[in-house]
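One structure is given below, encoded as structure tokens.
Throughout, protein chains are lettered first and strands after them, A, B, ... in sequence-line order, and every chain is numbered starting at 1.
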Amino acid sequence: MQFLRRKTFAHGVHPPDNKENTNTKSVRRMAFAPELIIPLSQHFGAPAVPTVYEGQEVVRGEPIAKANGFISIPHHAPATGTIDRIELMQTARGPKTESIILKVTPGASQNVLYGSTREIADMTPQEIISAVQDSGIIGLGGAGFPTHVKLTVPKGHTVDTVLINGCECEPYLTTDHRVMLESVRDLIVGIRIILKSVGAERAIIGIEENKRDAIKAIRARLSPDEAITVRELKTKYPQGAEKILIKTILNREVPSGGYPSSAGVAVYNVSTSSQLGALLPYNQGLIERIVTITGPGVKKPGNYLIALGTPLRFVMEQVGYTGSANHLILGGPMMGTSVASLDVPVTKTVSAVLVLTEQEEAEQIPEKVYPCIKCGACVRACPIHLNPSQLTLLASKRRYGDMQEKFHLNDCFECGCCSYVCPSGIPLVQYFRIAKAVNRENRERIA
Amino acid sequence: MAKQTVELRTSPHIRKAPSVDEIMRNVVYALIPICLFAIYQFGISALALIIVVTGSCLLTEAFFCRMSGKPNTINDYSGAITGMLLALTLPPGFPLWMGVVAGFIAIGLGKTLFGGLGYNVLNPALIGRAFVQAAFPAAITTWTPAFAPGRFVEFIPSTLALPFTKPPSIESWLQGVAIDGFSGATPLALQKFENISTDTMSLFTGMTPGSVGEGSALLILICGSYLIIRNMMDWRIPAAMLLGVLLTSGAFFMIDAVKYPDPLFVLFSGGLMLGAIFMASDMVASPVTPRGVLIYGLFIGFLTVIIRLFGGQAEGVMYAILLGNAASPLIEAVTQPRIYGAQKKVKSEQ
Ligand code: SF4
Ligand code: SF4
């Protein structure tokens with residue numbers, strides 16, 4: 001039954017996927033920059049605490065900062081070198097962040113020297129979870145939530161199904177695609193680790209139909225009695241959003257304001273899972289990641305394995321881009337962030353560097369913003385089934401409280417579908433971000 | 001510290017076409033064939049009426065923008081659409097000066113008073129039409145035959161009536177041009193008041209008297225489909241409205257097939273097609289919620305039939321749409337979509 005094989009969700013949008021520039025390009029390692037910048041906070045939660053001193057020599061893979069509490073992660077040296085200094089540095093997230101600056105030793109062999117083999121089968125779920133924290137892995141899809149926290153099932157909840165997100169529904173991005181083609185072994189090991197730590201029976205890998213080769217590659221490696229299966233999904237944005245994926249594959253809904261575990265589900269991205277599979281058995285930390293670099297102006301578009309902390313300027317030189325930071329977007333075009341400077345480093349959450357064309361940029365800035373003409377396109381696009389038109393009307397009257405109380409503002413996860421379709425060129429998502437920020441402040445003031 | 005300008009934009013970084021002016025421009029394109037057919041049908045009087053009414057709308061819009069110090073909005077095409085639609089709902093021999101009044105009221109009262117494009121609660125073209133219907137009840141029900149000989153060289157006498165005078169009687173002119181059997185009544189009026197039915201096929205192809213643009217239901221359907229195919233119009237509204245008409249009139253037809261008209265006749269007569277496709281679907285005055293749109297369309301369809309059958313007038317589309325417009329905030333309020341993850345139990349838990 002065809003319609004069962006290609007599942008999907010209601011609403012959403014179909015932006016042109018623009019993946020053909022990089023989806024057939026194998027992952028290549030990028031050279032080491034002379035200097036790496038490792039922000040202590042690259043994730044959701046408390047910043048890590050440095051464990052090294054200025055002038056200390058470190059080998060590749062050695063821990064250089066430790067987690068500060070449970071919702072925090074450590075960092076590891078992405079290259080063999082010397083700690084130069086620890087100071088405030090600019091990051092893509094905006095405010096300056098305390099960062100460790102590492103001078104890479106020229107000519108060092110850069111084989112990972114740190115780590116030791118261990119048998120995952122002998123470990124308890126608790127041991128696995130703390131091992132995951134030690135590896136410094138966070139959600140590599142972009143959310144940056146520490147993976148060990150996601151592996152910890154809240155008390156009173158049980159997780160019966162693990163979903164592995166291989167949708168990569170954002171246009172241009174191809175890192176997950178390449179991982180599913182090139183690192184199937186690590187991916188499967190990683191999924192088994194996840195199943196063991198959350199105590200779930202089965203895992204389903206959801207992949208959009210525009211990545212049939214990946215679906216085939218993974219299916220070929222799975223034995224029929226495996227707890228892991230692959231499900232082909234329709235290509236549609238935002239298919240890969242956690243809540244949407246749960247709805248699509250399992251037809252369950254995460255209660256408003258709740259966690260996926262309230263619906264008995266846990267969702268992990270394929271790149272994250274494959275890193276778990278690659279690092280955990282060797283007791284190693286996350287020191288590099290795959291980044292899709294694409295867009296016109298990039299002479300050598302592709303998927304690159306880049307040492308964490310590599311400054312964007314160096315990355316862009318390597319791919320032959322000479323323009324300014326104005327045109328760069330970190331992540332995909334629907335949810336990515338633009339950057340203020342080329343001096344920011346690649347961090348654990350950077351899945352792509354995208355350079356849009358002048359033309360696409362010009363289209364992005366509408367010539368003129370019209371009033372809402374109540375066309376309802378946004379209502380028909382919102383995957384959460386909110387009423388963005390109504391929300392915008394309230395935002396223009398600064399009735400931010402009503403937006404939350406009557407129209408569920410906080411359920412908006414800023415996927416951007418509404419702004420994408422609005423013919424009036426209204427920056428709906430921006431309004432919603434402002435409204436949320438104001439509401440947050442008001443709440444804090446009251447509390 | 002050296003100052004440096006950086007542009008920071010927030011996601012999403014791409015946008016989908018079409019934009020508002022593109023949609024509006026295409027609506028104008030879709031209306032052009034209908035206007036051309038009307039001119040073919042009714043000659044230079046129709047041409048003059050369309051130009052004058054549209055011009056009046058645009059000038060009014062420009063005037064009010066100037067007065068309120070707002071940027072001129074006439075190039076977003078929405079004023080032109082209002083003008084064209086309004087002209088299409090008037091009788092072909094409608095005095096031009098009354099057309100100017102209609103255009104002024106449509107834009108002035110129907111649109112700018114509410115704050116311009118996007119803020120009007122009711123369809124501006126229909127406000128203009130409703131006004132002249134009340135102000136000039138005779139002129140608006142004076143029909144002339146389609147395909148009158150000489151229609152391309154001479155105006156219908158009433159067209160050129162001087163402002164604030166009673167339009168000259170067209171009786172004698174009618175005698176000259178009328179084809180046998182022309183009674184000065186539209187198929188709808190014939191049906192309603194004399195129970196004479198008109199062949200559905202001639203309604204479909206526009207061979208009957210009526211308003212300028214009520215002409216051919218077929219042509220209007222084709223032009224509407226163009227917009228629907230280009231994804232510039234919500235097909236649900238016309239579909240729901242036509243369905244509403246069919247269901248309601250079908251029910252009456254079943255009750256008494258002699259007294260009540262055949263549903264197909266109802267569907268293709270009068271301004272229904274034009275109203276369903278180009279006026280009820282006006283996004284601004286219709287609900288945004290998917291379920292709301294259905295209810296709104298069905299409601300208008302139902303009202304149209306009720307007014308036609310039981311009201312004092314032969315045509316009910318205009319008032320039905322205006323009532324639908326007025327009801328749409330309410331319809332929207334009761335059809336808010338159920339959001340993902342919403343829980344029924346939430347209240348009892350608190
Ligand atoms: S950004 Fe928010 S309101 Fe807009 S479509 Fe996405 S979830 Fe809905
Ligand atoms: S898409 Fe834009 S114009 Fe259309 S209803 Fe939504 S906010 Fe209004």
Q. Is the backbone N or O of A:Lys243 less than 3.5 Å from a side-chain atom of B:Tyr340, with the two atoms forming a donor-acceptor pair by type?
A. yes
- Can you check whether B:Ala285's main-chain N or O pairs, donor with acceptor, with A:Lys374's side chain at less than 3.5 Å? no
Between [X] and chain B, with a heavy-atom cut-off of 4.5 Å, which part of the residue counts as in contact: side chain, backbone, both or neither?
| X | result |
| --- | --- |
| A:Arg433 | side chain |
| A:Val254 | both |
| A:Cys422 | backbone |
| A:Ser389 | side chain |
| A:Pro427 | neither |

Filtered by a 4.5 Å non-hydrogen cutoff, the part of residues 224-236 of chain B contacting chain A is B:Asp234, B:Arg236
Within residues 326-336 of chain B, contacts to chain A at heavy-atom distances under 4.5 Å involve B:Glu332, B:Gln336
The reported gap from CG in B:Asp282 to SG in A:Cys375 (rounded to nearest 0.5 angstrom) is 11.5 Å
Here the gap from A:Tyr370 atom OH to B:Met24 atom CE, rounded to the nearest 0.5 Å, amounts to 8.5 Å
side-chain contact (heavy atoms from CB on, under 4.5 Å) test vs B:Val20 passes for just one of A:Val369, A:Ile426, A:Ile373, namely A:Ile373
Whatever's closer than 4.5 Å to a heavy atom in chain A on B:Ile23 counts as side chain
